[in-house]
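Structure first, commentary second.
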Amino acid sequence: MARHLITSAIPYINGIKHLGNLVGSQLPADLFARYQRGRGHEVMFICATDEHGTPAELAAAKAGKPVAEYCAEMHEVQADIARRFALSFDHFGRSSSAHNQKLTQHLAVKLFENGLIEERSETQMYSPTDGRYLPDRYIEGTCPNCGFESARGDQCDNCTKQLDPVDLINPHSTISGATDLEMRETKHLYLLQSKMRAQLEKWIDTREGWPVLTTSIAKKWLTDGDGLQDRGITRDLNWGVPAQFDGAPWSGMDGKVFYVWFDAPIEYIACAMEWVDAGKGTDWERWWRTDKGAEDVTYTQFMGKDNVPFHTLSFPATILGSDEPWKLVDYIKSFNYLNYDGGQFSTSRGRGVFMDQALEILPPDYWRWWLLSHAPESSDAEFTWDNFQTSVNKDLADVLGNFVSRVTKFCRSKFGESVPEGGAYGEQEQALIADLAARIAAYQAHMDAIEVRKSAQELRAIWVTGNEYLQSAAPWAVFKEDPDRAAAIVRLSLNLIRLYALLSAPFIPDAAATLLAAVDPEDNSGQAWPTGAAVDFEALPGGAPFSVPDNLFAKIEDAQREDWQNRFAGVRD
RNA sequence: GGGCCUGUAGCUCAACGGUUAGAGCAGAGCGCUCAUAACGCUUUGGUUGGGGGUUCAAAUCCCUCCGGGCCUACCA
């Protein structure tokens, strides 16, 4: 039994994520976790909320709440939606946890002791009115290059020129509008990634089979310009992991916290400690410490492409630089973006479908199927209602749902609600079994390789095989002359439903559970992962009871599609 | 500006130097009547964005032009 540690990029605490965020990390990670569990492997699937940083402080202020309270509430909101989307985290933690604070501080000390952290002084824009230092993107002004009036401190959206906040004409805070900005000298800790460049490059070069998207981004950062740059890992903020604490080997960091991107990935580890606290397990170290049992763990990370530099470089720099035996990632699966109907999803403008809204209109399996079967693996992908309607109606309702319907209803009317006895599998059945064995092997190969679209395609082909078989075996015609032969056909078909339930569970867990409950109500056949061996087609013996489930998937009507298309086109409150 | 990805049938995508470029959807025809008017079979449809080059052989490698997207280190 293999052991799989699986993490999804941790979503930022603010707001509810849209479908593009979902398909970029959490959903494919869940697919993989469910698949590996299904195969009988031991899985630790971890996710959390990323809670620190300026945006959380501002959102809390806007909501009129202390930031800790705001984050606690938003964490529950996100946890609830994740549950309702059937995301099967073993633990959904919080980067603001005591464990993460302690571990982040510990690793910083280790890095310092190993000569990889140093203090540097720099000047940054400070807003007395806001009472805070302003990240570049919170400063706007007139672009000195093109005269555009809403240029941000880091880049002009109009002429795309890279800027420095001091270049802006009439700069002001986007938080308060204050114009009394001033440059102040401030000290920060820097992670000396440049010292680790060679080590990181060697590590990246020895990774095999990583997505091009993953390695090309890592390579770019390693070699661009002067190579990998040192990175400030503290910020002048209140909300975060304090950079000054008992035992800190540096001073003068009072009132500063670690940068969210330093502490966020560390939460992957701390989350396993939270998992123990929550009473879900007893030993987190055997997942994370290679000196304590984690040397045989396969660690896979899932993320959108915007997260790749932090996972290929910064976090490994933290891990490797600590010189402690932490488990390093084995495979990084990265995704492009999902666009919405000709443009981008937009949180601020309420453009596109957000996770809560999605569940208001349809059950999770509908979304899971479409999103996964269209996952943006090789390039950006696009959600359109037309495509969504077609995929759901054809794949789920017609191919899978209708197969279940025709088999169970035919059986009920001719043989009653138990698996028919009599007859034996013949040549036609052997051919079907051989065909499916090959398809299941292909499906597994794609799932093992985390080829999400191809897996979905193969799964659909497996569903189609059932309809092809029924059509050519034609039990409704055979029944008139040879009821025993018809019984064997129906018995095999009912077994196919069970097989489909097990194979489909990673994609559509709720529907799979419904099928399994209908066709094997007492779970007599076990739920071992099917390999396509003969035994998988005889798991439901003659005489076993079953029930006819309600239609698995309702079709999306044209009127619904149009309604939703209008509803999600613009402005969310 | 730099880097990376991408352009293949009406649409969404495969094919990663080697038969005649394949699937699903959409379109056309036929069949079936168990089923959510569902299913099955057959079939139409491509100068692989343009041009040049390398090779016995190019969608695939190289150059160039055109289009789309993303990243570019202080948003997270």
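Proteins get letters first, then strands, A, B, ... in listed order; numbering begins at 1 in each.
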| If you check every side-chain atom of A:Arg235, which of B:C74, B:G24, B:U12 has the closest atom? | B:C74
| request: Determine, step by step, whether A:Tyr340 and A:Trp385 satisfy the side chain to side chain donor-acceptor pair (under 3.5 Å) criterion, reporting the C-alpha distance in whole Å, the side-chain angles of both residues, the deciding distance to 0.1 Å, and the verdict. | output: CA-CA 9 Å; A:Tyr340 181 81; A:Trp385 286 100; 2.7 Å; yes
| task | For A:Gln229, report the nucleic acid contact type (base, sugar-phosphate, nothing); a contact means any heavy atom under 4.0 Å. | result | base
| request: Give one of base, sugar-phosphate or nothing for A:Gly304, where a contact means two heavy atoms less than 4.0 Å apart. | output: nothing
| task | Could you check whether A:Pro309 gets within reach of a base, just the sugar-phosphate, or nothing at all, counting any heavy atom under 4.0 Å? | result | nothing
| said: In whole Å, I'd like the distance from the CD1 atom of A:Ile497 to the C1' atom of B:C34. | reply: 12 Å
| Within residues 548-555 of chain A: residues closer than 4.0 Å to RNA chain B (heavy atoms) | A:Asn551, A:Leu552, A:Phe553, A:Lys555
| field | Plane angle bin for A:His75 and A:Phe92 - parallel if under 30°, tilted between 30 and 60°, otherwise perpendicular | value | parallel
| said: Given the ring of A:Tyr337, does A:Lys305 sit roughly above its face, with NZ or CZ under 6.0 Å from the centre of the six-membered ring and within 45° of the axis? | reply: yes
| Contact class for A:Gln344 vs. all strands (heavy atom < 4.0 Å): base, sugar-phosphate, or nothing? | sugar-phosphate
| A:Tyr469 and A:Phe403 aromatic centres sub-6.0 Å | no
| query | So what does A:Asp50 touch, heavy atoms closer than 4.0 Å: a base, only the sugar-phosphate, or nothing? | reply | sugar-phosphate
| said: Measure CZ/A:Phe315 against P/B:A73 and give the value in whole Å, please. | reply: 23 Å
| query | Which one, B:C41, B:C32, B:C75, comes nearest to the side chain of A:Gln471? | reply | B:C32
| Any side-chain N or O of A:Ser378 under 4.0 Å from OP1/OP2 of B:A14? | yes
| message | I need the CG-C1' distance between A:Leu338 and B:U12, as an integer number of Å. | response | 13 Å
| said: Output the rounded distance in Å from CZ (A:Arg453) to C1' (B:G22). | reply: 16 Å
| request: With the side chain of A:Asn387 defined as its heavy atoms from C-beta on, choose the nearest nucleotide among B:U12, B:A76, B:C13. | output: B:U12
| B:U6 to B:A14 separation - P atoms, rounded to the nearest Å | 9 Å
| task | Measure from the side-chain heavy atoms of A:Gln124 and tell me the nearest of B:U72, B:C74, B:G40. | result | B:C74
| message | In whole Å, I'd like the distance from the CZ atom of A:Phe388 to the C1' atom of B:U12. | response | 15 Å
| Does CD belonging to A:Glu427 count more than 12 external heavy atoms closer than 6.0 Å? | no
| Where the side chain of A:Asp380 is concerned, which of B:A73, B:A76, B:G69 is the nearest nucleotide? | B:G69
| Phosphate oxygens OP1/OP2 of B:A15: is one of them under 4.0 Å from a side-chain N or O of A:Lys454? | yes
| Do A:Tyr12 and A:His52 make the cut of ring centroids closer than 6.0 angstrom? | no
| query | Salt bridge or not for A:Glu201 and A:Arg207, using N-O below 4.0 Å? | reply | no
| query | Can A:Phe410 be called stacked on B:C34 when the rule is centres closer than 5.5 Å and an angle between planes below 30°? | reply | no
| query | Say you pick atom C1' in B:U43 and the same atom in B:C25; how far apart are they, in whole Å? | reply | 16 Å
| request: Indicate whether OP1 or OP2 belonging to B:C34 is found under 4.0 Å from a side-chain N or O atom of A:Arg406. | output: no
| query | Would A:Thr186 and A:Lys256 count as a side chain to side chain donor-acceptor pair (under 3.5 Å) if you check the C-alpha gap in whole Å, the side-chain angles of each, and the deciding distance to 0.1 Å? | reply | CA-CA 10 Å; A:Thr186 180; A:Lys256 297 178 199 288; 2.8 Å; yes
| A:Arg460 side-chain N/O to B:C25 phosphate OP1/OP2 under 4.0 Å | yes
| task | For A:Lys394, answer base if it contacts any base atom (sugar-phosphate contacts may also be present), sugar-phosphate if it contacts only those atoms, and nothing otherwise; contact means non-hydrogen atoms under 4.0 Å. | result | sugar-phosphate
| message | Could you check, using the six-membered ring where one of them is a Trp, whether A:Trp367 and A:Phe388 have ring centers closer than 6.0 angstrom? | response | yes
| task | Mind checking A:Tyr133 for me? I need base, sugar-phosphate or nothing, with any heavy atom below 4.0 Å counting as a touch. | result | nothing
| query | Which part of the nucleic acid, if any, lies within reach of A:Thr408 when heavy atoms closer than 4.0 Å are counted: base, sugar-phosphate only, or nothing? | reply | nothing
| What nucleotide, of B:U72, B:C32, B:A23, holds the atom closest to the side chain of A:Trp476? | B:C32
| What is the distance from CZ of A:Phe403 to P of B:C32, rounded to the nearest Å? | 21 Å
| task | Please tell me which of the listed nucleotides, B:C13, B:A73, B:U36, lies nearest to the side chain of A:Arg231? | result | B:A73
| So does A:Tyr469 get a side-chain nitrogen or oxygen closer than 4.0 Å to the phosphate oxygens (OP1/OP2) of B:G40? | no
| query | Under 4.0 angstrom, heavy atoms only, what part of the nucleic acid is A:Asp398 near: base, sugar-phosphate, or nothing? | reply | sugar-phosphate
| message | What's the closest nucleotide to the side chain of A:Val212 if the choices are B:C25, B:A76, B:C5? | response | B:C5
| remark: For RNA chain B, consecutive-pair runs of 3 or more (Watson-Crick or G-U wobble, both H-bond-type distances under 3.5 Å) give B:1-7 with B:66-72, B:10-13 with B:22-25, B:27-31 with B:39-43, B:49-53 with B:61-65
| task | Measure from the side-chain heavy atoms of A:Thr390 and tell me the nearest of B:U36, B:C25, B:C39. | result | B:C25
| task | Output yes when at least one side-chain N/O atom of A:Lys409 is less than 4.0 Å from OP1 or OP2 of B:U36, else no. | result | yes
| What nucleic acid atoms does A:Val464 come within less than 4.0 Å of, heavy atoms only: base, sugar-phosphate, or nothing? | sugar-phosphate
| message | At 4.0 Å (heavy atoms only), tell me whether A:Asn402 reaches a base, stays on the sugar-phosphate, or touches nothing. | response | base
| query | Pick the nucleotide of RNA chain B nearest each of A:Gly53 and A:Leu400; which residue has the one closer to the 5' end? | reply | A:Leu400
| field | d(OH, A:Tyr337; C1', B:C5) in whole Å | value | 13 Å
| message | Under 6.0 Å between ring centres: does that hold for A:Phe315 and A:Trp261? | response | no
| Atom pair distance, as rounded to whole Å: CG in A:Asn307 and P in B:C71 | 11 Å
